[in-house]
Amino acid sequence: YHILKKAGISTAMGGNIGIPYCDLPKASVYIFEMSSYELASSKYLDFEIAANLNIQPDHLTFHENFDNYVNAKHASLENAKTRIVSYEDFVTMSKYKYSENTITISTRGNDLADIYVYEGALIDSGQAVIDLSCLTELRGKHNHQNAAFAYEICKNLGLPPKEIANNMMSFKALPHR
C-alpha cells in the first residue's frame with residue numbers, strides 16, 4: 001500500500017486490517033489483507049495478484065482440521081491471475097510450484113526461487129535490487145519476506161525496481177510490528 005501510494009497510484013487498503021472491503025473508497029488498486037476466516041467464508045475470489053506468505057497449523061479450532069485451514073488459505077490463489085508464494089511453504093509449493101503464473105520467493109537464499117534474499121539483499125533475476133539492511137523499519141527475516149512479497153506485487157503492477165526500493169525506504173512500521 002505504502003509503495004503504491006508513494007508512487008502516486010490511487011490505492012485503497014482494507015479487509016482484516018483497517019477498513020472493511022465494502023467501505024473502501026474508489027481506487028485504481030485495492031489491497032486486501034484477508035484472514036483464513038475471511039477466506040473460508042468467501043465464495044467468489046478472483047484476484048489479479050494473490051500472495052500467500054505461509055501456512056502454519058493455526059486456527060484449527062475454527063477450521064476443524066489442517067486440511068480445511070489449508071483450503072481456506074489457498075482460496076485466494078485458486079483463480080488469481082498471478083500467484084506469489086513462499087518457496088519455504090512446502091504445503092503451498094507442493095500444489096502451486098509448477099502452476100502457470102506462480103512466482104516463488106525465498107528468504108533463505110534459495111536461488112531456485114524467482115526472488116530471494118541473500119546476505120541481506122533482495123535478488124531478482126540474479127541482480128541485487130534492494131539492500132534490505134538499509135530498511136531499518138523492516139528488520140528480521142519475517143519482514144524481509146514481507147518486503148520481498150511487496151516488491152514482487154508492485155513489480156507485477158508495473159513499478160520499476162528502483163522506485164519500489166526508494167518507496168520502501170520511507171515505510172514506517174506499526175509500533176507492534
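Everything numeric here is computed off the predicted structure, so don't read it as measured data. We use all heavy atoms of the structure for the numbers below, so side chains are in, but hydrogens, waters and symmetry mates are not.
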Q | Thr104-Asp114 side chain donor-acceptor pair, cut-off 3.5 Å | A |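 Yes - a donor-acceptor pair under 3.5 Å links their side chains.
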Q) Taking atom types as modelled and ignoring hydrogens, do the side chains of Ser86 and Asp89 form a donor-acceptor contact shorter than 3.5 angstrom? A)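 Side chains of Ser86 and Asp89: no pair found under 3.5 Å.
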Out of curiosity, [X] [atom1] to [Y] [atom2], how far, rounded to the nearest 0.5 Å?
X      : Y      : atom1 : atom2 : answer
Asn146 : Thr107 : CG    : OG1   : 10.0 Å
Thr92  : Ile84  : OG1   : CD1   : 13.0 Å
Asp67  : Leu60  : CG    : CG    : 10.0 Å
Asn68  : Asn65  : CG    : CG    : 4.0 Å
Ile17  : Ser35  : CD1   : OG    : 12.0 Å
Leu132 : Met168 : CG    : CE    : 7.5 Å

Are the side chains of [Y] and [X] in contact, using a 4.5 Å heavy-atom criterion?
X      : Y      : value
Phe47  : Phe32  : yes
Glu152 : Ile105 : yes
Val85  : Ile103 : no

[X] side chain vs [Y] backbone, donor-acceptor pair below 3.5 Å:
X      : Y      : result
Ser42  : Tyr44  : no
Thr11  : Ile9   : yes
Ser170 : Asn166 : no
Ser106 : Ala113 : no

[X] to [Y] - nearest heavy-atom pair and separation:
X      : Y     : answer
Asn167 : Ala7  : ND2-N, 3.6 Å
Tyr87  : Lys97 : OH-NZ, 3.5 Å
Ala12  : Ala27 : N-CB, 3.6 Å
Asn52  : Ile55 : OD1-CG1, 4.1 Å
Glu33  : Tyr21 : O-OH, 3.8 Å

Going hydrophobic residue to hydrophobic residue with side-chain gaps under 4.5 angstrom, can you get from [X] over to [Y]?
X     : Y      : answer
Tyr1  : Leu159 : yes
Phe90 : Tyr98  : no
Met93 : Val70  : no
Ile49 : Met13  : yes

Q. Does the pair Ile31 and Leu4 meet the rule for a side-chain contact (heavy atoms from CB on, under 4.5 Å), with working shown?
A. CA-CA 10 Å; Ile31 299 171; Leu4 296 171; 3.8 Å; yes
Q: Check the pair Thr82, Glu48 against side-chain hydrogen bond (donor to acceptor under 3.5 Å, both in side chains), reporting the backbone distance first and the verdict last.
A: CA-CA 6 Å; Thr82 299; Glu48 288 292 319; over 6 Å; no
Q: Starting from the C-alpha separation in whole Å, work towards a yes-or-no answer on side-chain contact (heavy atoms from CB on, under 4.5 Å) for Leu39 and Leu45.
A: CA-CA 9 Å; Leu39 291 167; Leu45 298 173; 3.8 Å; yes
All N/O donor-acceptor pairs, side-chain side in residues 115-129, below 3.5 Å, sequence neighbours left out:
from	atom 1	to	atom 2	distance (Å)
Asp124	OD1	Lys155	NZ	3.3
Asp124	OD2	Tyr151	OH	2.6
Asp124	OD2	Lys155	NZ	2.8

**Q.** From CA spacing to verdict: side-chain contact (heavy atoms from CB on, under 4.5 Å), Val91, His74
**A.** CA-CA 10 Å; Val91 174; His74 285 171; 4.2 Å; yes
Q. After noting the C-alpha distance and the side-chain angles of Glu78 and Arg83, does the key distance pass the salt bridge (charged side-chain N to carboxylate O under 4.0 Å, His left out) rule?
A. CA-CA 9 Å; Glu78 283 300 312; Arg83 299 177 188 96; 6.0 Å; no
Q) Of all residues at least two apart in sequence or in a different chain, which pass the salt bridge (charged side-chain N to carboxylate O under 4.0 Å, His left out) check with Glu38? A)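 Here no residue qualifies.
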Q: Verify side-chain contact (heavy atoms from CB on, under 4.5 Å) between Phe171 and Lys6, making sure each step is shown before the conclusion.
A: CA-CA 10 Å; Phe171 178 76; Lys6 290 284 289 181; over 6 Å; no
Q: Give me the one residue out of Leu157, Ile164, Ile153 that meets side-chain contact (heavy atoms from CB on, under 4.5 Å) with Ile3.
A: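 Single pass found, and it is Ile164.
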Q.
Parallel, tilted or perpendicular: which one describes the rings of Tyr69 and His59, with boundaries at 30° and 60°?
A.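 The arrangement is tilted - the two ring planes meet at 30° to 60°.
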